[in-house]
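Notes for the one structure printed next.
A quick note: this is a predicted structure, and the numbers were derived from the prediction, not measured. Note that the numbering runs from 1 along the sequence shown for the chain.
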Amino acid sequence: MAFEARDKEISIDDSVRYVDTGTIGKVLDIKTEDEIGWVLIDKTDLWYKSKLVEILDEKDINIKDTPTRREVDV
């Protein structure tokens with residue numbers, strides 16, 4: 001079990017934002033090591049401390065696909 005910056009429980013497939021850089025992605029996996037929660041984010045394939053991410057509401061995420069790139073606006 002892992003909790004985000006606002007103490008909400010994180011689940012797999014939640015959309016989250018890393019608060020330091022604004023990186024947005026979906027949670028692929030969750031683990032706990034030494035009582036610290038970690039989440040694996042799909043966009044970077046990196047593990048982040050769960051207390052440094054925040055869950056995003058799907059209704060607040062706007063995705064714009066163009067032929068050359070994908071833009072995400074929150």
Side-chain angles (χ1 to χ4, degrees):
M1 194 174 333
F3 294 90
E4 50 104 78
R6 296 172 294 196
D7 289 325
K8 295 179 183 176
E9 186 175 351
I10 301 172
S11 300
I12 291 178
D13 287 331
D14 279 347
S15 292
V16 296
R17 174 177 42 214
Y18 179 55
V19 296
D20 287 348
T21 62
T23 300
I24 295 171
K26 286 216 181 249
V27 176
L28 297 176
D29 198 4
I30 300 170
K31 68 180 178 180
T32 304
E33 291 182 356
D34 298 323
E35 298 183 26
I36 297 172
W38 295 86
V39 293
L40 179 63
I41 297 180
D42 67 345
K43 183 173 183 176
T44 58
D45 202 32
L46 296 173
W47 289 93
Y48 296 83
K49 286 184 180 179
S50 64
K51 287 293 189 178
L52 298 178
V53 301
E54 56 188 11
I55 297 173
L56 299 173
D57 254 339
E58 292 291 329
K59 65 179 176 60
D60 294 333
I61 301 172
N62 297 317
I63 298 174
K64 299 173 189 166
D65 285 322
T66 64
T68 57
R69 66 179 166 173
R70 181 177 205 170
E71 295 179 20
V72 178
D73 184 30
V74 180

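- Ile24 approaches Lys43 most closely through the heavy-atom pair O-CD, 3.3 Å.
- A distance of 11.5 Å separates CD1 in Ile41 from CZ in Arg17, rounded to the nearest 0.5 Å.
- One hydrophobic cluster, built from ILVMFWY side chains closer than 4.5 Å, cannot hold both Val39 and Leu56; they sit in different ones.
- Considering only heavy atoms from C-beta on, Ser50 stays 4.5 Å or farther from Glu4 through its side chain.
- Counting only residues at least two apart or in different chains, ring-ring contact (aromatic ring centres under 6.0 Å, His included) contacts with residues 10-53 comprise Tyr18-Tyr48.
- Phe3 belongs to a hydrophobic cluster whose remaining members, ordered by chain and number, are Met1; membership requires side-chain heavy atoms of ILVMFWY residues under 4.5 Å apart, directly or through intermediates.
- Atom CG of Leu40 sits about 10.0 Å away from atom CD1 of Ile30, to the nearest 0.5 Å.
- Among residues two or more places apart in sequence or in another chain, the side chain to side chain donor-acceptor pair (under 3.5 Å) test is passed with Asp7 by Lys51.
- Glu54 places no side-chain N or O within 3.5 Å of a backbone atom of Ala5 that could act as its donor or acceptor partner.
- Clustering ILVMFWY residues whenever any of their side-chain heavy atoms sit less than 4.5 angstrom apart, transitively, puts Val53 in the very cluster that holds Leu46.
- With sequence neighbours excluded, no residue forms a side chain to side chain donor-acceptor pair (under 3.5 Å) with Lys8.
- Ile55 contributes atom CD1, which lies 8.5 Å from atom CD of Glu9 (distance to the nearest 0.5 angstrom).
- Partners of Glu33 under the side chain to side chain donor-acceptor pair (under 3.5 Å) rule, at least two apart in sequence or in another chain, are Lys31.
- Applying the salt bridge (charged side-chain N to carboxylate O under 4.0 Å, His left out) test to Lys49 and every residue at least two apart in sequence or in another chain returns nothing.
- Note that CG of Asp29 is 10.5 Å distant from CG of Asp45, once rounded to the nearest 0.5 Å.
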